[in-house]
There are 2 protein chains.
Amino acid sequence: MNERHDTKTKILDAAEKLFGEKGFDATSLRDITTEADVNLAAVNYHFQSKDSLIEATIMRGAGPVNDKRLAMLDAAGPKPTIEQIVEAFVGPVLEQDFMPMAPLMARVLASPETMQRVFKQLIETMSRRFADAIGVALPELSPAERMWRLQFTAGAMAHTVTRGPVMRELFGGVLDFKDRKLLIARLVKFAAAGFRAPEVH
Amino acid sequence: MNERHDTKTKILDAAEKLFGEKGFDATSLRDITTEADVNLAAVNYHFQSKDSLIEATIMRGAGPVNDKRLAMLDAAGPKPTIEQIVEAFVGPVLEQDFMPMAPLMARVLASPETMQRVFKQLIETMSRRFADAIGVALPELSPAERMWRLQFTAGAMAHTVTRGPVMRELFGGVLDFKDRKLLIARLVKFAAAGFRAPEVH
DNA sequence: GTCTATAGGTTGATAGAC
DNA sequence: GTCTATCAACCTATAGAC
């Protein structure tokens, strides 16, 4: 059951890789079972449908990342600075270059349908939790401004992950992708300054 | 040839609508020809393939928007402020709610493949042009930091357009989408403050 | 649990009459 | 330029033997 290379795990590994590389629509179950070296029918046995497989693949990867985000937020204590909050929000996502998970996350962020279906509750939970923390750090911001700026930050983060390959190709000469710590520091600096700006009325 | 409702135009109108609503992969040529009330074979007569149709649809809409962005940048004069630059960058994109073009743009921004294939040169041109303007407004920023912050801003903008419907559903109570001018002002304020932050080293 | 075989449906693209 | 008819290539999902 908990074998490292059982059929179910092999399918999830292959799905994670291929969904990330080609997207959900463009990846067929045949692609996945070929890559995983298992039989086609195994997908419908272990998962009920392609949609369920997509959901399971996302959930397996997204859980740990979001746990880490919340852990970092908690670790910052009861009165975190806006820099600490932003770092907890974007750091774990931008750090995940140890796995083929990053491209998959990018696909999720880039697919309104998938996001709607699978990610809605995760996003809602995270957004409210972080918006609350920002309310403590920057009480002078209205709830609306707070949420908008959090969404702007989420967008900058998502764009960096999603469009990484394209950006690398176009601006690889000037943009450094290898130093993740520096990249995170850049985004934290940028977003924190944005959060500290006087409110628009 | 320049009739308002010729077959070619009807196909492009339907494609713009449906690609925006459902995405490129999920929209079949049959969906489009049904919506346009033209024959299926007309697509392959007027355009050669589905990919060419996608490209033509994007180009018809993206041209005017990018023209407006550059026009606003020029209108700001030889020494624009960072606020003027950001507004020229994000304003025309966030303003386009007069047409079904907005969801289509969102789909393009959300599809690495399509972006890579069709949008690369457009993005490159725009990014370099705006990065140059930022160099004038904020000469103390290094070229790398300048380009990163422009990409962060592009991400915040893209996210706002792309995830609009989801955000509206989740946070519609607190986020106001109707007042576009206010939304643009919020993003300009946020991003301009980010650009003005001291550089990371 | 794993396989083969196949049902049942869709798709993009084209040939050829008009 | 517009149509009908159709092809060949995919797809997801399942039934049923082992």
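Residue numbering restarts at 1 for every chain, and letters A, B, ... go by the order of the sequence lines.
Applying the side chain to side chain donor-acceptor pair (under 3.5 Å) test to residues at least two apart or on different chains, the pairs with a partner in residues 40-50 of chain A are A:Ser49-A:Ser52.
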Could you tabulate the donor-acceptor pairs under 3.5 Å formed by side-chain atoms of residues 188-195 of chain A, not counting sequence neighbours?
none

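Applying the 4.0 Å criterion to OP1 and OP2 of C:dT2, one finds that A:Thr7 has a side-chain N or O inside that range.
In this structure, A:Phe24 and A:Phe19 have tilted ring planes: the angle between them lies in the 30° to 60° band.
Between the CZ atom of B:Phe47 and the P atom of D:dT2 there is a distance of 11 Å, rounded to whole Å.
Checked by atom type and distance alone, the side chain of B:Arg180 pairs as donor or acceptor with a backbone atom of B:Leu94 at under 3.5 Å.
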Nucleotide by nucleotide, 5' to 3', does protein get under 4.0 Å of the base (B), only the sugar-phosphate (S), or neither (-) in nucleotides 3-14 of chain C, counting heavy atoms?
-> BB------SBBB
I would like to know whether A:Glu199 and A:Arg146 meet salt bridge (charged side-chain N to carboxylate O under 4.0 Å, His left out); could you show each step before the answer?
-> CA-CA 9 Å; A:Glu199 179 153 359; A:Arg146 210 191 297 166; over 6 Å; no
